[in-house]
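Presented below is the structure to which this report refers.
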Amino acid sequence: MGINGLLPFVKKYSKECNLRIFSGQTAAIDASCWIHKALCVSIDRTGSRERLGGIFEAHLRIVKKSGLIPFVVFDGFALPEKASEHEGQQIAREKILKQAEKPDISKSEANKLQSRAASMTFEDIVVCINICLAHNVKYVVSPYETDAQIAHMLLNGHADFGITEDSDLLVYGCKKVMVKLNLSGDGEYFQLAEILGGLNLSQKQFQQMCIAAGCDYLTNVKGVGIHTAFRFVKHSTKDLLELLVKKGGSEYKNCFSKVETVFKHQTVFDLNTNSTVPLEKCEVDLSEDVQYLCGNKLADGYANDMAVGNINTKSGEKVNGYSNLVKDQATGEQSGHENSELIACTQLKGTEVLKGVILKDELANIQPGIFTCTSHCEIVINCEKYTVLWKLVPEKATSRRSVSSGSDPSVSNTLPDDYRLEDSEDLVQPIENIDHCLPFKVLGTYHTVDRQNVLERAFTYLEEHNRHVFAKIEAEPDNPYDKNAVMSSSDYEKVGYIAKELTQYVHPVLYDKSLDVSVKKIRFCTTYCMVGYYLTINISKKGLWDKQVISASKRVN
DNA sequence: CGGGCCTATAAAT
DNA sequence: TATAGGCCCG
């Protein structure tokens, strides 16, 4: 899905941030990723689609709670170029489903397999449209691809940024895109201008790079990935294109330019005129076969029915009687922190003093002192970097924290991730006084439905009630597999284990009073053979972690 | 011969 | 998504 390897390649131009910083703006949301996730969870847990609506609604609530105005975009007809790919997926699905029918497979395993094979139906879309209507949230069903539709909406001012799961939005020219959004509202934020600036490419070059790296419409030439594609567009001496042609056959060049056209001129729904238009206006009319690839235009009345959800996107038949798109409503509803002011404060991160800000209403609730920050994000004001400390938890009076100076009303006491251990000999005395915090991935969280349910509940606590979730680790000497096992719990129910290579380092400090365990993040994801939530915890202890632990931790993100 | 890049494949105390 | 193994190039 999307562009091969694009997101890792441009990650350095992104920043991690929370939805809240977009408070008041309109977000065009690619509904298919929510629906897909919701279907996976529902089928995995219940064997049916019954929970789709509820989970979709929960997502919507998060976005509204962050003070955003959601504009949900659903998938329409499949483009012909994608049809072949769909066939491949269909075969894979059937294979999985056959496996699920084998007699020696347990119910829960069967559910897991079936959830992997879940594909979105038009009925699923209808369920979600009804939820949008109930919440008075704007929505539109794209004539074809959601990505192109969102691009058009951003370009025409119907939304300020896009929320999606794949990288295609950037290729379509969306300027602001948020991906990997979790239900805490944290995600990765990309601005196209920064990527283009950083790579020093034009939009057209960027697009070509992406296509060459391999996209949904055209598989890449073997041996050519995002890096090679980058070199190809950068030094656009023709020889590399020749190379592509040589390796990919003359067919390839032909397809390449067709795909360029599909990204540029795909048929979308224009919310101003209520008719279908090309994403970017064509100078000359497209030839019939190219127009077909970009998605044929729809007759005006039909296009409008499509947009409101009256047309079954699989059959093309009119099946519903929704009237009009939800009108622009001045959502004066609760939008959290919209009217709050930010107050500057000192933030101490390890030995480093940074600039922090907290909400004015938060300030009313707290006394000067030492706090742990459990939720934060970075912002830039007048070119200065600040950390917004959303949530502060007071340190217990008996705290073992020894922030040596003691005078600063400081928060957060974790070391920056790039803290260097290699030179530790140079840091003679303060080490013993340092609390060294590292992220640990909790393994085995998908092992049982129970563990997943615990995590799901914890997740809801974080979101719905903004409640702190507790975490702890303890030895499990009776473990039949490994007597050194260190189990990890969330709200004191077992959810998984620390990687076994690391247990030897954790054991000596397990019952040390200075050990502090907290939830770093709970994330939902759907990957090979598993669907569900996973957990990352922070463990901080007095003194430095072993070198090996640090390098293992670097892999955790 | 080592590192960067691409591709295939699927885990865990 | 994560990672290991192979391939290609310097």
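Everything quoted here is computed from the prediction, not taken from an experiment. Reminder, nothing fancy here: chain letters follow the sequence lines and each chain counts from 1.
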Ring pair (Phe, Tyr, Trp, His ring centres under 6.0 Å), that's the test. Do Phe440(A) and Trp545(A) meet it? Break it down for me.
CA-CA 12 Å; Phe440(A) 286 71; Trp545(A) 281 107; 5.4 Å; yes
Set out, in order, the CA-CA distance, both residues' side-chain angles and the distance that settles side-chain contact (heavy atoms from CB on, under 4.5 Å) for Val177(A) and Ile150(A), then state yes or no.
CA-CA 10 Å; Val177(A) 179; Ile150(A) 291 182; over 6 Å; no
With side-chain contact (heavy atoms from CB on, under 4.5 Å) as the criterion, how do Phe206(A) and Leu192(A) come out once you've worked through the C-alpha distance, each side chain's angles and the decisive distance to 0.1 Å?
CA-CA 10 Å; Phe206(A) 178 74; Leu192(A) 186 56; 4.1 Å; yes
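In Lys541(A), the NZ atom is crowded: over 12 heavy atoms of neighbouring residues, nucleotides or ligands sit closer than 6.0 Å.
Mapping Lys112(A) and Gly225(A) onto DNA chain B via the closest heavy atom, the residue that lands nearer the 5' end is Gly225(A).
Stacking of Lys175(A) on the aromatic ring of Phe161(A) is not recorded, the 6.0 Å distance cut-off and the 45° axial limit not both being met.
Salt bridge present: Arg51(A) and Glu456(A) bring a charged side-chain N and a carboxylate O closer than 4.0 Å.
If you walk DNA chain B from 5' to 3' and mark each nucleotide with an atom closer than 4.0 Å to a heavy atom of chain A, the marks span dC5(B) to dT13(B).
A gap of 13 Å separates the P atoms of dG5(C) and dA12(B), to the nearest Å. Of the C1' atoms belonging to dA4(C) and dT13(B), the separation is 22 Å, rounded to the nearest Å.
Using a 4.0 Å heavy-atom distance criterion, Asn220(A) is classed as a sugar-phosphate-only contact. If you check every strand for non-hydrogen atoms under 4.0 Å, Lys494(A) touches nothing.
Look at CG on Leu443(A): it is 13 Å from P on dA2(C), rounded to the nearest Å. Counting to the nearest Å, the P atom of dT1(C) and the CG atom of Leu535(A) are 18 Å from each other.
Taking side-chain N and O atoms only, Lys222(A) has no distance below 4.0 Å to OP1 or OP2 of dC7(C).
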